[in-house]
Number of protein chains: 2
Amino acid sequence: MKNITISDVAERAKVSRSTVSQYLNQRYDYMGEKTKLRIEEVIEELGYQPNIVARSLKQKSTKTIGVIVANILHNFSTEVSRSIEDVCNDYDFHTIICNADDEPKKEKRYIEMLRAKQVDGLIIFPTGGNKDLYKRMLEENYPVVFVDRSVDGIPISSIMLDNEKASTLAINHFASNGYKRIGIVTTSILQSVTPRVERVEGYRNAMQAHGLPIDEDYIKSVNIGEIQEALIEMANLPNPPEAILAGNDLALIEILKFVKKHNLTMPKDLAVIGIDDVSFASFYSPTITTIAQPTFKMGKKAAEVLLSKIQKEESKDDGPDYRFEPELVCRDSV
Amino acid sequence: MKNITISDVAERAKVSRSTVSQYLNQRYDYMGEKTKLRIEEVIEELGYQPNIVARSLKQKSTKTIGVIVANILHNFSTEVSRSIEDVCNDYDFHTIICNADDEPKKEKRYIEMLRAKQVDGLIIFPTGGNKDLYKRMLEENYPVVFVDRSVDGIPISSIMLDNEKASTLAINHFASNGYKRIGIVTTSILQSVTPRVERVEGYRNAMQAHGLPIDEDYIKSVNIGEIQEALIEMANLPNPPEAILAGNDLALIEILKFVKKHNLTMPKDLAVIGIDDVSFASFYSPTITTIAQPTFKMGKKAAEVLLSKIQKEESKDDGPDYRFEPELVCRDSV
DNA sequence: CTGAAAGCGCTTACAG
DNA sequence: CTGAAAGCGCTTACAG
C-alpha cells in the first residue's frame, strides 16, 4: 500500500509540488481558479492526506504540546487535562498526556521524550524533582507552564488554586456549624508540594482566626498508605477531632473507608469536608461537602498561557502565578 | 536557542554524520572504540537529543500508536487506555489517546488526524459510525485493533468482554439470593453497541434459564439523561422489580442517584449489581456488588495484538475476536 | 499565476 | 572502520 504523496497529486493535477503545497496551505491568492479546482479534485480522488511528520520537520513546529501530570490518579489532573485538550483543539493543537506517577525520574524521561518529539511547549504539574531541567528550559526560552504547584527558585508561572482560601472556606464552614476540634489529613508533605503545604498553612491560619486551638496531633501529612493508621491514632486521642478536612480526593477516600470500616456516621460521629469535588460527592450517603477547584478554568488558562508563549517566541521574563478561587459546595457531611 | 543537530555533533567529534547516526542506532559493530567514546562525550557535552520527527520521516515509523476511545467517561476506557500505555512503554512505543465522545464525526477526524501524523497503528473503541473508514484501513492493511465492540461486516479482531456471561453471573447471583423480579438498565441500544446488546441478550437467556419471567417493562435501554425517568416508570409498575442490573458504570450511577433521591435502602428496597467495578464500590454504603471486567488484561492484549500486527507488516486476514472473563465481586448491595 | 531549487534533520545502502 | 550521496515528504523564498 504505497503512500500517496504530494508528488502524486502534483503529477496527476499537472502542476508542480509547490503549487499543491500552496493549495494545502490555503494560499490561493495567486492561484488560478481552475488550478485550484483541479487540485481539489485530485486530492479527493486519491484520498490524499498530507504527511504531518514531513511538514513538522520543515516548519519546525509540530502543533502539538505535551502535558506531564504529576499523578493522574487525582481527579484534578484528569479534569484539568481534559480542559487543556479542549482549548488546544480549538487552536488546532494536539495534546500528548503523560503521567509522571509522582516520580521525578519518569518526569525527566517524559520531558526529554516530548522535547525530542519536538512538541512546541509543555504544561507540567511539576514533581519538583528536576530543577536543573526546569531551569534549562527557562534559559533556552522553551515554552513551559506549571500547573497546581510552583517550584522554589524557578520563575515559571504556575496556574494554581488559592489553597489557603480553600482551607479557610472549609474551616469557616466547620466553625459556623459549631465544630471546634478540627483536624486535617493530607498526603505526604515531605517533598513540600505546594498545595499540601499551603492547605495546611491555611488550616492553621483559619483555626487561629477563629480562636480555635491548633493541636499538632490533629494534623496528619502522611503517605496514602499510612492514612488509615494516622486516622486510628487520631481517633484514639483523649479528645479526638469531631471534624476532618481532607486535603485532596485521595485523602478523602481514605477517610471514607475509615468511616465505613469503623461504622461511624457522618456527620454525627465525624464531620468531613474534602478539597476536590469528587464525582460521587453528590450521591454518596451522606452527600459530601467539598471545596471545588475550578478545574475547567484552570486548564483553559494553562493552555492559553502556553499557547501565547508559543506564539510570541519571546516568552521573556515569566509572568506571575495565577491563582484561582475555590468554591464551597455545601452538602450533608458537615 | 538554535537547535543542536547531528551535524554539530559530527563536526565537533570530527567524524561524519553517518558515523554519529550509527552510534545513535547502536550499530557499534565496526566502530572504533575511541570514535565511540568521542561521540559519546560530545553528545553529553552538547546535551544533544536526536530529532525524532526527522528520524520518523526517514524511517517511516513514528513508534507511536493512536488510541481512540468511544467515550472516556466510562471507567473501562480509562483503565484499558492506561494498560495499553503501560505495555507500549515497555516496547518503546508512544501512545496518543483521543476521545470520540460517542460521535462518529469526531472519531473520523481523529482517525484521519492520527494517520496524517503517521502513527504506526490504531486501537479503536469503535462508535460503529465509520464503516467505510474501517473498511479502507482493512483493505490498506493498516494495523487496527478494536476494543469493547465489534462492527458488523468488518472483520477486524476485537478485544471484548464475554458480555453474556457478565449478565449471567449477575442474574445467577440475584437468583441465588431469592430475587425473582429482576430488571436491567443500560444506556441506549439504538446504535446496537455490542456490549449493550449482548448484555441484554445475556440477561434474557439467564432469566429464562432460571425459569424467571421476562417482563419487557423491566428492560430499559435509554439515553443516560432518560434513565431517571425510566426508573420511575419501573417503580410505578404494579409489580416493580426488586433487583436491577446496571449495564455499565454510568447506568449504575444513575441508579444510585435514584435510590438516594427516593430514600430507598439497598438491598432491602432494591438490590443492585453493576457491570464495571467502579472505584467507589468498596466504600459506598452499602458496598456495591459488581461484575468486574479484566481491564488490565484486555488493554494488554489489545496492545500486544496491535504491536504484533505492526511488526509483521502482513496483518493478512484478521484474527478472531478475543473474549475475556468477567468476575463477580460480591459485596452488600444484593 | 506557477515552477525549480534548496533545505528541514535524520538514516541507509554503498564504496573504499 | 568511516564518509559521500541520496532521499524521506514536505515548505519556502525566489525567479520568471
Checklist entry - Is any side-chain nitrogen or oxygen of Gln59(A) closer than 4.0 Å to OP1 or OP2 of dT12(D)? => result yes

Next on the checklist: Measure CZ/Arg38(A) against C1'/dC1(C) and give the value in whole Å, please.
Outcome noted: 12 Å

Item to check | Whichever of Glu33(B) and Arg17(B) has its nearest DNA chain D nucleotide further upstream toward 5' | outcome: Glu33(B)

Item to check | Lys135(A)/Glu139(A) ion pair, N-O < 4.0 Å | outcome: no

Next on the checklist: Go nucleotide by nucleotide along DNA chain D from the 5' end; which of Ser16(B) and Leu24(A) gets its closest nucleotide reached first?
Outcome noted: Ser16(B)

Checklist entry - Counting just side-chain N and O atoms, does Lys60(B) come under 4.0 Å of either OP1 or OP2 of dG7(D)? => result no

Item to check | Residue Tyr48(B), side-chain heavy atoms: nucleotide from dC10(C), dG9(D), dT12(C) that is nearest | outcome: dC10(C)

Checklist entry - Which whole-number value in Å describes the distance from Leu57(B) CG to dT11(D) P? => result 12 Å

Checklist entry - dT2(D) P sits how many Å from Lys14(B) NZ, rounded? => result 15 Å

Next on the checklist: Can you tell me if Thr19(A) touches the phosphate of dG3(C), counting only side-chain N or O atoms and a distance under 4.0 Å to OP1 or OP2?
Outcome noted: yes

Checklist entry - In whole angstrom, what separates Ile6(B)'s CD1 from dT11(C)'s P? => result 5 Å

Item to check | Test: Arg12(B) and Glu45(B) ion pair at under 4.0 Å | outcome: yes

Item to check | Nearest to side-chain heavy atoms of Val15(B), which nucleotide of dA13(D), dG9(C), dG3(D) | outcome: dG3(D)

Next on the checklist: If the cut-off is 4.0 Å, is Asn51(A) near the phosphate of dC8(D), judged by side-chain N/O to OP1 or OP2?
Outcome noted: no

Checklist entry - Between Gly299(B) and Ile84(B), which heavy-atom pair has the shortest distance, and what is it? => result O-CG1, 3.5 Å

Next on the checklist: If you only use heavy atoms from C-beta on, which nucleotide in dC8(C), dA5(D), dC10(D) is closest to the side chain of Ser18(B)?
Outcome noted: dA5(D)

Item to check | salt_bridge(Glu304(B), Lys309(B)) N-O dist < 4.0 Å | outcome: no

Item to check | Euclidean distance, atom CD of residue Glu11(A) to atom P of dT2(C) [Å, nearest integer] | outcome: 18 Å

Next on the checklist: Under a 3.5 Å cut-off for both contacts, is dA4(D) paired Watson-Crick or G-U wobble with anything, and if yes, with which nucleotide?
Outcome noted: none

Next on the checklist: Without decimals, in angstroms, what is the distance between Arg55(B) CZ and dC8(C) P?
Outcome noted: 18 Å

Checklist entry - If we only count heavy atoms from C-beta on, is the Ser158(A) to Arg149(A) side-chain gap below 4.5 Å? => result no

Next on the checklist: What is the distance, to the nearest angstrom, from the CD atom on Gln26(A) to the P atom on dT11(D)?
Outcome noted: 12 Å

Checklist entry - For Thr5(B) and dG9(C), is the shortest distance between a side-chain N/O and OP1 or OP2 below 4.0 Å? => result no

Item to check | Lys117(A) bridged to Glu112(A) by N-O distance under 4.0 Å | outcome: no

Next on the checklist: Is Thr35(B) close enough to dT2(D) that one of its side-chain N or O atoms is under 4.0 Å from OP1 or OP2 there?
Outcome noted: yes

Next on the checklist: For dG9(D), does the base pair up with any side-chain atom of Lys58(A) as donor and acceptor (N or O, under 3.5 Å, distance only)?
Outcome noted: no

Checklist entry - Nearest-Å distance, NZ (Lys63(B)) to C1' (dT11(C))? => result 15 Å

